[in-house]
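Reading through the C-alpha cells given below for one structure.
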Amino acid sequence: MSDILVARRYANALHNSAQATGQLEEVDNDVDLIRSSLDASRELVRFFESPIVSRERKARVVQSLFASRVAETTLKFLDLLIQKRRENIFPQMVVAYRLLRDEQLGVVRAAVRSAVPMTDEEEQHIGTALESWTGMKVNLDARSDAGLIGGMIVRIGDTVYDGSVRNKLEHLREQFTSGATRTD
C-alpha cells in the first residue's frame with residue numbers, strides 16, 4: 001500500500017479521534033505546528049525516516065518537541081505512529097489531514113506564481129476573485145517567478161490556469177512552426 005494511502009487513513013483516524021474528543025480545532029492547530037516543524041527542518045524529517053534510529057529515541061524526541069505544545073490526542077497519535085513504525089509518513093499524514101479538514105471547511109488552496117512579487121492589495125484582489133469563481137474560501141500561496149516574463153500561473157487542486165507571457169510565447173512559437181498562422 002502506498003505511503004499516501006496509508007497517510008490518508010491515519011489522517012482520517014486522527015480526525016475521527018479529534019472529533020470524538022471534541023478537540024478538532026486544537027488538533028488542526030497541532031497539525032499545522034507539526035507541519036511547520038517538519039518543513040523547517042529537513043534533519044527532523046530524515047530523523048523520523050531513518051530505520052537506524054530506535055522507536056524509543058523517536059518517541060523521546062516527539063515528547064521533548066511536542067508534549068507541551070500539542071493536545072493529548074495529538075501526542076498519543078504521534079506515539080501510535082511510532083509504535084506502528086509509521087513515523088516515516090509524518091509529512092504525508094499532516095498534508096493529508098490538512099486536505100481533509102480544508103475539504104470539510106470548504107477551503108481550497110490556490111498557488112499563484114507571478115513574474116513579479118505582488119502587493120498585499122493585489123493578493124487580496126486575486127484571492128477575492130478566486131473565491132467568487134470557486135464559491136469557496138481560498139487559502140492563497142503567492143510566489144514570484146521571474147522566469148514567467150510576465151503574467152501569472154494559478155493552480156487550484158489539479159487545475160492549472162497559465163496566463164504567463166512565457167506560455168503565450170510558446171503557443172505563438174508552436175503556431176509559427178506548424179504553419180497555423182494566416183498572413184493577410
Side-chain angles (χ1 to χ4, degrees), residues 1-20 22-40 42 45 70-71 74 77 89-182 184:
M1 186 177 309
S2 79
D3 284 348
I4 293 171
L5 206 57
V6 172
R8 284 185 194 150
R9 288 186 178 178
Y10 276 100
N12 280 323
L14 177 59
H15 172 264
N16 293 339
S17 179
Q19 195 169 29
Q23 294 182 317
L24 271 176
E25 190 172 319
E26 292 92 340
V27 171
D28 288 353
N29 294 333
D30 295 348
V31 167
D32 291 340
L33 171 71
I34 294 165
R35 184 176 187 176
S36 65
S37 298
L38 294 171
D39 287 347
R42 180 67 187 139
V45 173
V70 299
T74 307
F77 183 77
I89 66 163
F90 279 179
Q92 295 97 329
M93 193 278 303
V94 294
V95 168
Y97 181 88
R98 190 74 258 159
L99 289 172
L100 170 71
R101 289 296 289 146
D102 284 350
E103 184 179 320
Q104 290 174 344
L105 297 170
V107 175
V108 66
R109 296 189 182 270
V112 177
R113 288 184 12 226
S114 60
V116 295
M118 291 186 284
T119 65
D120 291 340
E121 185 178 305
E122 290 170 329
E123 283 185 29
Q124 185 177 3
H125 178 72
I126 290 171
T128 303
L130 291 173
E131 284 178 0
S132 69
W133 184 73
T134 62
M136 301 177 85
K137 184 179 181 315
V138 172
N139 188 340
L140 194 67
D141 176 24
R143 298 176 190 214
S144 62
D145 180 354
L148 297 178
I149 304 170
M152 69 178 59
I153 299 173
V154 177
R155 180 184 186 107
I156 300 174
D158 293 336
T159 306
V160 177
Y161 304 95
D162 193 340
S164 66
V165 171
R166 181 177 63 188
N167 183 51
K168 290 177 183 176
L169 289 172
E170 181 63 28
H171 282 292
L172 192 58
R173 184 179 66 81
E174 287 174 10
Q175 286 178 346
F176 281 133
T177 57
S178 69
T181 59
R182 287 186 2 196
D184 289 346

- Query: Does the side chain of Glu122 reach to within under 4.5 Å of the side chain of Thr119, using non-hydrogen atoms?
  - Reply: yes
- Message: If we ignore hydrogens and angles and just use 3.5 Å, is the side chain of Ser17 paired with the main-chain N or O of Ala13 as donor and acceptor?
- Response: no
- Item | Pairs where residues 101-114 contributes a residue and the test salt bridge (Lys or Arg N to Asp or Glu O under 4.0 Å) is met, not counting sequence neighbours | Asp28-Arg101, Arg98-Asp102, Asp102-Arg109, Arg113-Asp145
- Task: Measure the shortest side-chain to side-chain distance between Ile153 and Val160 over non-hydrogen atoms and say whether it is less than 4.5 angstrom.
- Result: yes
- Item | Main-chain N/O of Val138 paired with Glu131 side-chain donor or acceptor, under 3.5 Å | yes
- Query: Once you round to the nearest 0.5 Å, how far does CD of Gln19 lie from CG of Leu14?
  - Reply: 11.5 Å
- Query: Does CD belonging to Glu170 count more than 12 external heavy atoms closer than 6.0 Å?
  - Reply: yes
- Note on the structure: d(Asn139 CG, Ile156 CD1) to nearest 0.5 Å is 11.5 Å
- Query: Going by the ring pair (Phe, Tyr, Trp, His ring centres under 6.0 Å) test, which pairs reach into residues 118-157, not counting sequence neighbours?
  - Reply: Trp133-Tyr161
- Task: Working to the nearest 0.5 Å, report the span between CD of Glu25 and CG of Asp30.
- Result: 11.0 Å
- Find the distance between CG (Asn29) and CD (Glu26) and round it off to the nearest 0.5 Å. 7.5 Å
- Side chains of Glu123 and Leu140: does their closest heavy-atom pair fall under 4.5 Å? yes
- Message: Strictly by ring pair (Phe, Tyr, Trp, His ring centres under 6.0 Å), give each pair with a member in residues 89-111 just once, sequence neighbours left out.
- Response: Phe48-Phe90
- Message: For Ile4, is the CD1 atom crowded, meaning more than 12 foreign heavy atoms sit under 6.0 Å from it?
- Response: no
- Message: Taking CZ in Arg143 as the centre, count heavy atoms belonging to other residues, nucleotides or ligands within less than 6.0 Å. Is the count above 12?
- Response: no
- Does any pair with a residue in residues 102-123 pass ring pair (Phe, Tyr, Trp, His ring centres under 6.0 Å), and if so which ones, sequence neighbours excluded? none
- Query: If you measure from OG on Ser144 to CE on Met152, what distance do you get to the nearest 0.5 Å?
  - Reply: 11.5 Å
- Item | Flag, side chain of Ser114 to backbone of Pro117, donor-acceptor distance under 3.5 Å | no
- Message: Holding to side chain to side chain donor-acceptor pair (under 3.5 Å), I want the full list of residues that pass it with Asp162, two or more places apart in sequence or in another chain.
- Response: Ser164
- At what distance, to the nearest 0.5 angstrom, does CG of Leu33 lie from OG1 of Thr74? 9.5 Å
- Query: Among all residues two or more places apart in sequence or in another chain, which pass the side chain to side chain donor-acceptor pair (under 3.5 Å) test with Gln23?
  - Reply: Thr21, Thr73
